[in-house]
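Computed over heavy atoms, backbone and side chain alike; hydrogens, waters and symmetry mates excluded. Remember, it's 1-based here, ligands and their atoms both numbered in the order they're listed.
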Amino acid sequence: MIDLHTHSIYSDGTETPATLVRMASDLGLSALALTDHDTLDGLEPFLALQPHVSTRLIAGIELSCRFLNAELHILGLFIEPSDPDLQERVVALRARRHERNEAMMARLKHLGIQLEWSEVASSATTDLVSRAHIARALVQKGVVSHLQEAFQRFLGEGAPAFVPFKELTPREAARWIREAGGVPVVAHPGRTAHRHFPWDDAMFELKRQGLGGLEAYYSDYGPTEERYFRGLAERLGMAQSGGSDFHGTVKPGVQLGRGKGGLAVPDEILEGLELQRGLGPERRGI
Ligand code: AMP
Ligand code: MN
Ligand code: MN
Ligand code: MN
């Protein structure tokens, strides 16, 4: 069993990379990818532990894009953490995040909720500050009683304080990941937008834009979704990926490797992902 989608304290998770590695090793996972949002900073301490465990440690990242007027996340697996271009690009992304966070806080202020920057940043370990941290501040202040309510009432897509990420396109994200030696994978497609999102056509377009794989195994999927996305990957000749999206105690229902209990990502899918490595869009025969 493997887990190719996890977060640490370097983005919005609650565990250190070292704890994730220990948990994966204890669980007997054969591979673990760390895929923090918009940062490579956790990868050095993560990969440094490789000599101590038999779990294969894979460097990753998760980037937020806009596609068909909805939020779309893209994982980069097998990226080179020291790649200078990618380093520079994620620094710029975090600066954009800062502007977006300020815009969302201004909207909250209009709604009569005054949050100080220090209250938001206090739950962040690094300079990666996301809606998850704004939501935690709203809980701490007692404005809402839990994180889910913060997203429902204020921060979720379409809610009054939501400001979308506009700039990054899947094509751009895929190129960045490929240039850093990685494989771009569409993250949790079943969680994007509404239930009737036209995934057959959308995924075809994403493949055209350079995406090499899609997450066919995911904590939130039922058997029908898993079957559909595995079939879609096969039909389009894209690699299948899978992971829990573990965030630690802030997502209490989701366990490393096991998701909500029924997740089991097979080792074999690593082969298909490996095949995608080093294949630029121009060489994938489409
Ligand atoms: P951002 O990257 O700033 O758009 O923030 C998105 C992050 O907020 C996600 O990675 C999740 O960790 C968290 N998040 C998004 N939606 C929810 C939700 N409904 N409940 C709890 N956390 C959420
Ligand atoms: Mn997150
Ligand atoms: Mn995501
Ligand atoms: Mn994630």
Side-chain angles (χ1 to χ4, degrees), residues 3-15 20 32-39 42 58 60-67 70-77 90 93-105 107-108 115 120-121 123-140 144-159 161-168 170 173 184-193 214-215 217-221 241-256 259-260 263 265:
D3 192 335
L4 303 181
H5 188 163
T6 68
H7 297 271
S8 77
I9 56 167
Y10 285 86
S11 63
D12 55 350
T14 56
E15 308 304 323
L20 290 176
L32 171 73
L34 177 64
T35 55
D36 275 316
H37 301 280
D38 297 355
T39 183
I58 295 166
I61 193 165
E62 182 171 18
L63 301 173
S64 306
C65 302
R66 290 296 286 179
F67 178 65
E71 192 174 322
L72 180 81
H73 292 179
I74 292 182
L75 297 168
L77 298 174
V90 297
L93 279 184
R94 293 205 293 275
R96 279 192 216 168
R97 270 189 180 277
H98 189 73
E99 289 167 24
R100 175 187 183 231
N101 290 335
E102 286 190 329
M104 288 190 284
M105 286 168 66
R107 288 196 177 201
L108 284 170
L115 275 185
V120 173
S123 76
T125 319
T126 66
D127 66 337
L128 190 287
V129 179
S130 71
R131 280 186 292 158
H133 302 95
I134 300 178
R136 286 180 209 174
L138 290 172
V139 174
Q140 283 214 316
V144 292
S145 52
H146 49 83
L147 293 174
Q148 196 61 37
E149 187 187 345
F151 281 90
Q152 272 159 9
R153 285 179 53 200
F154 300 112
L155 298 168
E157 180 127 23
F162 176 75
V163 175
F165 273 109
K166 282 201 193 82
E167 300 93 331
L168 193 60
V185 167
V186 181
H188 44 70
R191 219 186 71 187
T192 299
L214 64 92
E215 215 164 30
Y217 300 85
Y218 188 69
S219 295
D220 289 348
Y221 292 176
S241 188
S244 63
D245 209 358
F246 180 76
H247 279 68
T249 57
V250 286
K251 260 195 185 178
V254 174
Q255 304 164 44
L256 192 75
K260 290 181 175 166
L263 185 69
V265 185

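Looking only at N/O/S atoms, H188 comes nearest to the Mn ion (ligand 3) through NE2. Between the Mn ion (ligand 3) and the N, O or S atoms of E62, the shortest distance is to OE2. No other N/O/S atom of H73 lies as close to the Mn ion (ligand 3) as ND1 does.
Shortest contact from atom 7 (C) of ligand 1 to any protein heavy atom: D12 OD2, 3.9 Å. For atom 13 (C) of ligand 1, the nearest protein heavy atom (residue, atom name, distance) is F151 CZ, 3.5 Å. Here the protein heavy atom with the shortest distance to atom 10 (O) of ligand 1 is H37 NE2, 2.9 Å. For atom 19 (N) of ligand 1, the closest non-hydrogen atom on the protein side is Q148 NE2, 3.3 Å.
Ion pairing between E157 and R66 holds under the 4.0 Å rule for side-chain N and carboxylate O.
For the pair R100 (side chain) and V163 (backbone), a donor-acceptor distance under 3.5 Å is present. Between the Y221 side chain and the G190 main chain, a donor and an acceptor come within less than 3.5 Å of each other. For D38 (side chain) and R94 (main-chain N/O), no donor-acceptor pair under 3.5 Å exists by modelled atom type.
Ligand-side atoms of ligand 1 in range of R97: 1 (P), 2 (O), 3 (O), range being under 4.0 angstrom from any heavy atom. Within the listing of ligand 1, atoms 12 (O) sit less than 4.0 angstrom from a heavy atom of H247.
The Mn ion (ligand 4) has H7 among its coordinating residues (N/O/S atom, backbone or side chain, under 2.8 Å).
Between the side chains of D12 and H133, no donor-acceptor pair is found at a separation under 3.5 Å.
Using a 4.0 Å cutoff on heavy atoms, E62 does not count as a contact of ligand 1. Judged by the shortest distance from any of its heavy atoms, Q152 lies outside the 4.0 Å radius around the atoms of ligand 1.
Of the heavy atoms in R100, only side-chain atoms (C-beta onward) come closer than 4.0 Å to ligand 1.
Across the listed options R131, K251, H133, R131 owns the non-hydrogen atom lying nearest to atom 6 (C) of ligand 1.
Annotation: angle subtended at the Mn ion (ligand 4) by D245 OD1 and H5 NE2 is 80°, to 10°.
Between F162 and L155, the shortest heavy-atom distance links the atoms CD1-O, 3.2 Å.
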Candidate pair V90 and I61, rule side chain to side chain contact (heavy atoms under 4.5 Å, CB included), full reasoning:
CA-CA 10 Å; V90 297; I61 193 165; 3.6 Å; yes
Using the rule given for salt bridge (Lys or Arg N to Asp or Glu O under 4.0 Å), can you reason through R191 versus E215, listing the C-alpha separation, both sets of side-chain angles and the distance that settles it, and then say yes or no?
CA-CA 11 Å; R191 219 186 71 187; E215 215 164 30; over 6 Å; no
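Within the 4.5 Å cutoff, no side-chain heavy atoms of L4 are placed close to those of T35.
Taking the six-membered ring for Trp and thresholds of 30 and 60 degrees, H73 and H37 have ring planes more than 60 degrees apart, a perpendicular arrangement.
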